[in-house]
Amino acid sequence: MSIGERWFKFFDKPVPNLLLRLIVMFFGLSCVAFGVAQSRATGLGVSTISAIPGVLSFATPITIGVFTFIMNMIFIVAQIVLLKRDYKPLQLLCIPFVMIFAGLIDFFVPICQMLPMPVYPVKILVILCCCCITALGVWLQVKAALVMLPGDGVVQAISAVTGVDFGKCKLAFDMSNLIIGAVLSLVLMAGLYGVREGTLLLALLVGPIIKQLGRLFPNMERFMPTKGHVTLTAASKEEEPEVSFEKEALPLVITIGREYGSGGRELARAIGDRLEIPVYDHSLIDMTARESGLTPAYVREHEQELRHGILYNLYAQQYAYIGKTAAVDDELFLAQARTITNLATHSSCVIVGRNANAILAEREHVFSVFVKAPIKQRIERVCKRDGLGSHEALTKIKQVDAERREHARTFLNSEWGKTGYDLIVDSSKESIPVLADNIVKAARNKFAAEAN
């Protein structure tokens with residue numbers, strides 16, 4: 001048994017697991033508290049959730065930690081009022097964590113004030129460091145999955161009562177804190193103290209950094225198991241729906257992901273011919289159009305388009321604070337996903353692209369293939385097929401590959417071309433017919449094993 005396996009086995013036991021998660025939770029709270037104290041010391045503003053306590057701590061002799069505790073108690077009362085009987089008394093266990101968090105902020109404030117920051121660029125650099133430290137702290141709290149602090153709990157309560165999406169509620173909540181903090185600062189001190197450009201930087205950067213931490217450390221569950229253990233966070237309140245299929249009733253589906261110009265489309269047709277099943281590629285555009293009510297031309301032009309507006313990115317990153325991903329608010333993608341799921345449910349087929357491997361990841365009787373090839377061969381194929389010059393072909397290849405990669409990451413949180421495939425093949429190593437035969441053989445072996 002490896003060291004990692006022994007670690008997991010030991011900390012999967014109730015008492016060691018709780019102790020480990022308490023340690024991680026404390027470290028997470030310490031990071032966030034340090035981020036609050038250090039950003040306050042720069043004079044460039046604190047995070048939106050700390051905006052009101054930060055402003056009041058400048059305007060009165062009461063510390064930011066005390067105001068943080070008071071505001072969190074108000075949030076708890078608000079949750080009780082909003083949720084009524086749905087509020088679980090166990091959630092009051094967050095109070096000791098709030099007390100620790102508030103105490104840590106006041107502990108770090110005098111320490112952080114000793115750090116010399118003589119010029120503005122140094123203050124900006126410190127704020128950027130605060131973004132990273134705060135993000136690490138929030139990420140550790142989410143991974144510890146012990147309790148949800150009242151600041152996020154009240155937003156979830158508002159979302160549950162109003163039916164408004166959590167991301168939108170959190171964005172409105174943070175903006176409200178920012179505006180109230182700014183108004184209080186102007187009224188009480190005739191200037192902006194505690195709410196400045198640093199507040200905006202924290203609001204814009206912390207969420208994306210949390211997401212990057214999740215990508216850098218995808219196997220945190222192996223270090224700190226949470227499945228099957230007590231937790232009062234958002235992730236524990238929603239049980240994953242169980243999906244059941246009759247094995248003998250399931251069609252056999254092969255998905256083909258591919259780099260642009262690698263020959264994936266030709267390979268899919270060869271596989272379809274050998275198995276005598278339909279191949280869905282461009283025909284998915286018409287099917288998605290019917291499903292969504294959009295025109296085929298619109299689907300063809302926008303099926304891999306992403307929204308990158310500041311407001312949408314701000315909305316989406318709010319979910320990082322509770323360890324979830326934004327609900328997909330893209331009717332075109334949802335229509336395409338429904339189309340692919342319906343095809344896979346009703347008939348055996350080959351599906352080309354559209355991240356079908358990730359969409360059907362939880363389904364049995366699916367064999368997923370990714371086709372790649374050296375860039376030289378891809379350029380040659382694109383030049384011949386599309387009548388482009390070498391430079392134009394290379395530009396097109398880079399553009400399409402980047403769109404596909406980002407589309408998979410944004411909508412399905414999957415790594416395009418890297419994970420989630422049964423087989424990754426290089427189309428330059430073998431001819432299309434030979435590759436098709438090999439894939440059909442591998443798929444049949446997998447389906448036979450599942451049937452047994």
Side-chain angles (χ1 to χ4, degrees), residues 11 14-41 46-54 56-57 60-80 87-114 129-157 177 194 202 206 210 213 220 223-224 226 229-236 320-323:
F11 284 107
V15 175
N17 180 270
L18 181 60
L19 290 175
L20 176 62
R21 290 162 65 200
L22 283 170
I23 291 170
V24 172
M25 183 73 177
F26 177 79
F27 189 68
L29 289 172
S30 299
C31 287
V32 177
F34 181 82
V36 171
Q38 188 60 70
S39 59
R40 181 183 184 274
V46 295
S47 62
T48 52
I49 189 67
S50 298
I52 296 173
L56 293 176
S57 71
T60 71
I62 302 174
T63 67
I64 184 173
V66 171
F67 276 122
T68 296
F69 180 79
I70 292 171
M71 192 168 77
N72 276 275
M73 292 305 101
I74 294 172
F75 290 157
I76 291 175
V77 172
Q79 288 179 70
I80 295 171
Y87 185 83
K88 296 178 176 59
L90 274 175
Q91 291 175 271
L92 293 173
L93 289 174
C94 70
I95 293 177
F97 291 94
V98 172
M99 294 175 66
I100 292 170
F101 178 56
L104 285 168
I105 293 175
D106 282 344
F107 171 76
F108 284 124
V109 164
I111 297 174
C112 293
Q113 287 175 339
M114 292 188 293
C129 292
C130 289
C131 291
C132 296
I133 294 170
T134 301
L136 175 62
V138 173
W139 182 73
L140 289 173
Q141 290 177 53
V142 168
K143 291 302 177 182
L146 282 172
V147 296
M148 179 182 291
L149 294 183
D152 292 319
V154 70
V155 176
Q156 194 170 61
N177 278 318
L202 285 157
V206 170
I210 295 172
L213 286 170
M220 192 66 173
F223 171 77
M224 184 175 57
T226 57
H229 296 279
V230 176
T231 173
L232 299 175
T233 61
S236 67
Y321 291 87
I322 58 170

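For the atom pair SG of C94 and CG of L146, the computed distance is 12.0 Å after rounding to the nearest 0.5 Å. Atom CD of Q141 sits about 9.5 Å away from atom CZ of F97, to the nearest 0.5 Å. A distance of 13.5 Å separates CE in M99 from OG1 in T68, rounded to the nearest 0.5 Å. Rounding to the nearest 0.5 Å gives a distance of 11.5 Å between OG of S50 and CG of L56. Atom OH in Y87 sits 5.5 Å away from atom CD1 in I76 (nearest 0.5 Å).
In terms of heavy atoms, D106 sits closest to G65 at OD1-N, 2.9 Å. The nearest pair of heavy atoms linking P53 to I49 is CD-O, 4.1 Å. Residues P96 and L92 approach most closely at CD-O, 4.0 Å, considering heavy atoms. Here the closest non-hydrogen pair linking F67 and T60 is CE1-OG1, 3.2 Å. Across all non-hydrogen atoms, the minimal contact from C112 to A41 is O-CB, 3.8 Å. Looking at every heavy atom in both residues, V154 comes nearest to A78 through CG2-CB, 3.9 Å.
Between L149 and F75 there is no side-chain heavy-atom pair separated by less than 4.5 Å. Residues S47 and V206 fail the side-chain proximity criterion, which asks for heavy atoms closer than 4.5 Å. At a threshold of 4.5 Å between non-hydrogen side-chain atoms, the residues F223 and K143 do not count as touching. Here the side chains of T63 and F69 are not in contact, with every heavy-atom distance at 4.5 Å or above.
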Which pairs would a plain distance check flag for residues 22-38, meaning a side-chain donor or acceptor within less than 3.5 Å of a matching protein atom at least two apart in sequence or in another chain?
residue : atom : partner : partner atom : Å
S30     : OG   : F26     : O            : 2.8

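Put simply, the side chain of N72 never gets that close to the backbone of V98: no donor and acceptor are under 3.5 Å apart. Without hydrogens or angle criteria, R21 side chain to A145 main chain gives a donor-acceptor distance under 3.5 Å.
In this structure, a donor-acceptor pair under 3.5 Å is present between the side chains of S57 and R40.
Atom CE of M73 has more than 12 heavy atoms from other residues, nucleotides or ligands within 6.0 Å.
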